[in-house]
J.: 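Right, I'll just put the structure down here and ask away after.
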Amino acid sequence: PGTQLPLFGTGAGSRLDTAAPAESELQLVQRFLFELPETLTDPQRPRSGGADGSVDLEDHPSLEEEIEAAATWVIEQLAAGIPAEDIALIVPELDPYATLLTDRLRRLSGGGTALRGYVEGGLRLAESPAGLRLQTLLTALARSLEAEATIRLLPALRRADQGNDEPSRPLSASRAANMAYGAGIVGGSPADPTGLCEWVPRLTRRRDALRKLVEDADAATAERSDEPEKRRHTVDRQQAQRRLHEIDALLPAVTALQHLAEDIIGGTSVRTTWAQIRAFAQTWLRLPPDPPNLLATFDQQLQPLLADPLAMHVTGLSALHFLIEELRRGRRPTGRFGEPAVFIGTPAHAAGLPFSAVRILGLAEGAVPHTPHDDPIVPDGMRKRIEEIARTQRPDVVVPRLADQVLDEIHAVFRVVSATRQRLALSAPRQWVDRSEREVSGIMLEVATALGRRLPGHAEEGDVPT
């Protein structure tokens, strides 16, 4: 596959024309990207006379600054008269770039309205506000209502006689922890789920103790109304009253949650488990409106899997882990292609689509193209052997290798660059998602080589051979 790179062009003889008029930097990149070293180092070939605004090469200290620069670049293209649907942001992979870019674009305003981003393939369902809350519920159940996991869920539970709106005095995480640990609740664990049954009895005892404390404080205040300690007793009573009110409001939801956990741990099938979780979420879980109808969307995604007869054999904790994995795997659409929204996708998504302005992000070493990792199940050696055996029956059989995947990514980037009409920008973060330091991708060097920019005061051409 490495010898196929020159196939991007048509050879030096057809692409080298010194009599041609001056070309823009974008035209130079499209003409000489991935050309043969002999062509790139030819002193007679056209080179860039300096930046003309059609091609930008940038590097940024971190991913966050790269995202911010991309948002600024989008605003510049809109100001230049390019419509949003004719702007593309190309990323190495959708996660985490797509979520970060759509959130940043949403905070921009174009013509008084929020700027939208269309993500080819959609955003992760589990990373939406409602998806995160549903995942919190599933995680608490999968950990057998362990105190730490359930405390994160308590503020999201619907209180008695409360709708889906945020309460006037929301329950903070610290007060939820005080409620659970003050009642002596440890909860269960995946290894020992029996502790999940202690939530309702311990909270009930804690509620009764607080109610008695309030009654005793009222009686003591009435008997010793003139004592100097009256103010301290009043403060203690107010704290006890507030905690009593919080437990009273949440106890019905916690009771339903404990019953749900007991049924699931008892061994219900994944089909029954999801039906019970959905019913609980509709009644007791406050789900944000983004995305709308999350439960219906996730249910539609699950139906083909739940209809399989084998789903009856996935029970208990295995059913919960299955639902968590499916939620993390699920994606939600962000619109339709062609709507007035900035396109966000990978090079494979955008290959062959013409855009007036294209910005390729994440051009860090090992990201574009991805560093290949050998398949431990079917390594390249075995793939070659399979291909040889198969070709004895059918000569046209081709078994893909790791190098083919890399070449496919390079082909996709080349097609994206070739289809760009006006503006091309490439950026690389010095610090990657995992906070490791990265060098720029070879594709960035290939573009710089195709440009052949001359540095002021330097006689040499500065070519970087392919």
J.: Suppose we screen for salt bridge (charged side-chain N to carboxylate O under 4.0 Å, His left out). Which residues come up paired with E387, at least two apart in sequence or across chains?
T.: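 If we apply the salt bridge (charged side-chain N to carboxylate O under 4.0 Å, His left out) test to E387, skipping adjacent residues, the hits are R391, R401.
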
J.: Applying salt bridge (charged side-chain N to carboxylate O under 4.0 Å, His left out), name anything that partners D308, two or more places apart in sequence or on another chain.
T.: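 Applying salt bridge (charged side-chain N to carboxylate O under 4.0 Å, His left out) to D308 gives none.
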
J.: Please name all residues satisfying side chain to side chain contact (heavy atoms under 4.5 Å, CB included) with N293, sequence neighbours left out, ordered by chain then number.
T.: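 If we apply the side chain to side chain contact (heavy atoms under 4.5 Å, CB included) test to N293, skipping adjacent residues, the hits are A296.
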
J.: Residues in ring-ring contact (aromatic ring centres under 6.0 Å, His included) with W274, at least two apart?
T.: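 Partners of W274 by the ring-ring contact (aromatic ring centres under 6.0 Å, His included) criterion, ordered by chain and then number, come out as F298.
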
J.: Using only atom types and a distance under 3.5 Å, with no angle test, would you say the side chain of T150 pairs donor to acceptor with the backbone of A147?
T.: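 No.
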
J.: Just checking Q303: does its CD atom have more than 12 heavy atoms from other residues, nucleotides or ligands closer to it than 6.0 angstrom?
T.: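 Enclosed.
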
J.: Is there a donor-acceptor pair closer than 3.5 Å between any side-chain N or O of Q30 and the backbone N or O of T420?
T.: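 Here the side-chain-to-backbone pair exists.
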
J.: Please, which pairs that meet salt bridge (Lys or Arg N to Asp or Glu O under 4.0 Å) have at least one residue in residues 257-278, sequence neighbours excluded?
T.: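 Checked against salt bridge (Lys or Arg N to Asp or Glu O under 4.0 Å) - neighbours excluded - the pairs reaching residues 257-278 are R278-D299.
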
J.: Search all heavy atoms of I151 against all heavy atoms of P155 and return the closest pair with its distance.
T.: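 Residues I151 and P155, closest heavy atoms: O-CD, 3.1 Å.
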
J.: Which atom names give the shortest non-hydrogen contact between A367 and G362, and what distance separates them?
T.: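 Closest heavy-atom pair between A367 and G362: CB-O, 3.6 Å.
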
J.: Does P372 have any side chain to side chain contact (heavy atoms under 4.5 Å, CB included) partners at least two apart in sequence or in another chain, and if so, which?
T.: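 Side chain to side chain contact (heavy atoms under 4.5 Å, CB included) check on P372 returns L402, V406.
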
J.: More than 12 non-hydrogen atoms from neighbouring residues, nucleotides or ligands closer than 6.0 Å to CZ on R421, yes or no?
T.: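 Yes, because the 6.0 Å sphere around CZ of R421 holds more than 12 heavy atoms from other groups.
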
J.: Using the salt bridge (Lys or Arg N to Asp or Glu O under 4.0 Å) rule, collect all pairs that involve residues 344-365, keeping only residues at least two apart or in two chains.
T.: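 Output for this query lists E58-R359.
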
J.: Can a donor-acceptor pair be found, under 3.5 Å and without considering hydrogens, that links the side chain of S427 to the backbone of E66?
T.: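 Pair absent, no side-chain N/O of S427 close to backbone of E66.
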
J.: Are M179 and L203 side-chain neighbours, meaning at least one heavy-atom pair lies under 4.5 Å?
T.: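 Yes; the side chains approach each other to less than 4.5 Å.
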
J.: Any Lys/Arg nitrogen of R328 or E127 sitting under 4.0 Å from an Asp/Glu carboxylate oxygen of the other?
T.: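 Looking at R328 and E127, the cut-off is not met.
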
J.: Stepwise, does the salt bridge (charged side-chain N to carboxylate O under 4.0 Å, His left out) test hold for R435 with E64?
T.: CA-CA 11 Å; R435 301 305 177 189; E64 292 77 13; 2.8 Å; yes

J.: The criterion is side chain to side chain contact (heavy atoms under 4.5 Å, CB included); which residues satisfy it with E120, sequence neighbours excluded?
T.: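 Only Y118, F343, H349 meet the side chain to side chain contact (heavy atoms under 4.5 Å, CB included) criterion with E120.
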
J.: For the backbone of T283 and the side chain of R158, can you confirm whether one donor and one acceptor N or O come within less than 3.5 Å of each other?
T.: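 Here the side-chain-to-backbone pair exists.
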
J.: For G122 and L94, work out which heavy atoms get closest and say how close.
T.: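 Heavy-atom minimum between the residues: O-CD1, 4.0 Å.
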
J.: Hey, could you give me the CZ/CG distance between R133 and L285, rounded to the nearest 0.5 Å?
T.: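 It comes to 6.5 Å.
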
J.: Is the closest side-chain heavy-atom distance between R45 and E35 below 4.5 Å?
T.: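 Counting from C-beta outward, R45 and E35 never come under 4.5 Å.
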
J.: Would you say that E198 contacts V186 through its side chain, given a criterion of any heavy-atom pair below 4.5 Å between the two side chains?
T.: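 The answer is yes, as the side chains (C-beta and beyond) meet within the 4.5 Å cut-off.
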
J.: Strictly below 4.0 Å, N to O, side chains only: are D95 and R331 in salt-bridge contact?
T.: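 The answer is yes: the pair qualifies as a salt bridge.
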
J.: Under the rule for side chain to side chain contact (heavy atoms under 4.5 Å, CB included), what residues qualify as partners of D192, not counting sequence neighbours?
T.: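 Result, side chain to side chain contact (heavy atoms under 4.5 Å, CB included) vs D192: S189, T194.
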
J.: I'd like to know if the side chain of S436 reaches the main chain of W432, judged simply by a donor and an acceptor atom lying under 3.5 Å from each other, with no hydrogens or angles considered.
T.: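 Pair absent, no side-chain N/O of S436 close to backbone of W432.
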
J.: Taking atom types as modelled, is there a side-chain donor on E409 or H370 under 3.5 Å from an acceptor on the other?
T.: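 Yes, side-chain donor-acceptor contact under 3.5 Å.
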
J.: Quick one, T297 and R332 - any side-chain contact, counting heavy atoms below 4.5 Å?
T.: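 Heavy-atom side-chain distance check fails, nothing below 4.5 Å.
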
J.: Hey, mind stepping through L100 and L63 against side chain to side chain contact (heavy atoms under 4.5 Å, CB included) and telling me if it holds?
T.: CA-CA 10 Å; L100 296 174; L63 182 69; 4.0 Å; yes

J.: Does any non-hydrogen side-chain atom of D52 lie less than 4.5 Å from one of L26?
T.: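 Heavy-atom side-chain distance check fails, nothing below 4.5 Å.
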
J.: Look at the side chain of Q77 and the backbone N and O of W73, then say whether any donor-acceptor pair between them is shorter than 3.5 Å.
T.: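 At least one qualifying donor-acceptor pair exists.
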
J.: My understanding is that only residues two or more places apart in sequence, or in another chain, count here; which of them pass salt bridge (charged side-chain N to carboxylate O under 4.0 Å, His left out) with E65?
T.: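 Partners of E65 under the salt bridge (charged side-chain N to carboxylate O under 4.0 Å, His left out) test: none.
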
J.: Rounded to the nearest 0.5 Å, how far apart are CZ of R106 and CG of D103?
T.: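 One gets 5.0 Å once the value is rounded to the nearest 0.5 Å.
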
J.: Under 3.5 Å, is there a donor-acceptor pair between the side chain of S128 and the main chain of L125?
T.: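 Indeed, once roles are kept as given, a pair shorter than 3.5 Å links the two residues.
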
J.: Taking only Lys NZ, Arg NE, NH1 and NH2, and the carboxylate oxygens of Asp or Glu, determine whether E246 and R243 approach each other closer than 4.0 Å.
T.: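 Between R243 and E246 there is no salt bridge, as every charged N stays at least 4.0 Å from the carboxylate O atoms.
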
J.: Please set out all donor-acceptor pairs under 3.5 angstrom arising from side-chain atoms of residues 317-324, sequence neighbours excluded.
T.:
none

J.: Report the distance from atom CZ of F32 to atom CD of E23, rounding to the nearest 0.5 Å.
T.: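 Nearest 0.5 Å value for the CZ-CD distance: 6.5 Å.
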
J.: Just to verify, what does E93 make a salt bridge (charged side-chain N to carboxylate O under 4.0 Å, His left out) with, not counting sequence neighbours?
T.: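 In terms of salt bridge (charged side-chain N to carboxylate O under 4.0 Å, His left out), with neighbours along the sequence ignored, E93 is linked to no residue.
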
J.: Output, in order, the C-alpha distance, side-chain angles, deciding distance and verdict of side chain to side chain contact (heavy atoms under 4.5 Å, CB included) for L115 and L78.
T.: CA-CA 10 Å; L115 190 60; L78 293 173; 3.8 Å; yes

J.: What's the separation between atom CG in L33 and atom CG in L451, rounded to the nearest 0.5 Å?
T.: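 That separation rounds to 9.5 Å.
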
J.: Taking side chain as C-beta onward, heavy atoms only, is T255 less than 4.5 Å from Q258?
T.: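 No - every pair of side-chain heavy atoms lies 4.5 Å or more apart.
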
J.: E437 versus R430: any side-chain heavy-atom pair under 4.5 Å?
T.: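 Yes, side chains in contact.
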
J.: Identify the heavy atoms of Q135 and A126 that sit nearest to each other, and give their distance.
T.: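 Scanning both residues, the minimum pair turns out to be OE1-CB, 3.5 Å.
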
J.: Looking only at non-hydrogen atoms, find the nearest pair between I90 and T346 and report the distance.
T.: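 Looking at all heavy atoms of both residues, the closest pair is CG2-C, 3.8 Å.
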
J.: To the nearest 0.5 Å, what is the distance between CZ on R453 and CD on E25?
T.: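 Here the interatomic distance stands at 4.0 Å.
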
J.: Work out which heavy atom in L105 is nearest to a heavy atom in R116; give both atom names and the distance.
T.: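 Reported closest heavy-atom pair: CD1-O, 4.5 Å.
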
J.: So do the side chains of Y97 and I344 get within less than 4.5 Å of each other, counting heavy atoms only?
T.: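 Answer no - side chains too far apart.
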
J.: Taking atom CG of L251 and atom CH2 of W199, what is their separation to the nearest 0.5 Å?
T.: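 One finds 11.5 Å between CG of L251 and CH2 of W199.
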
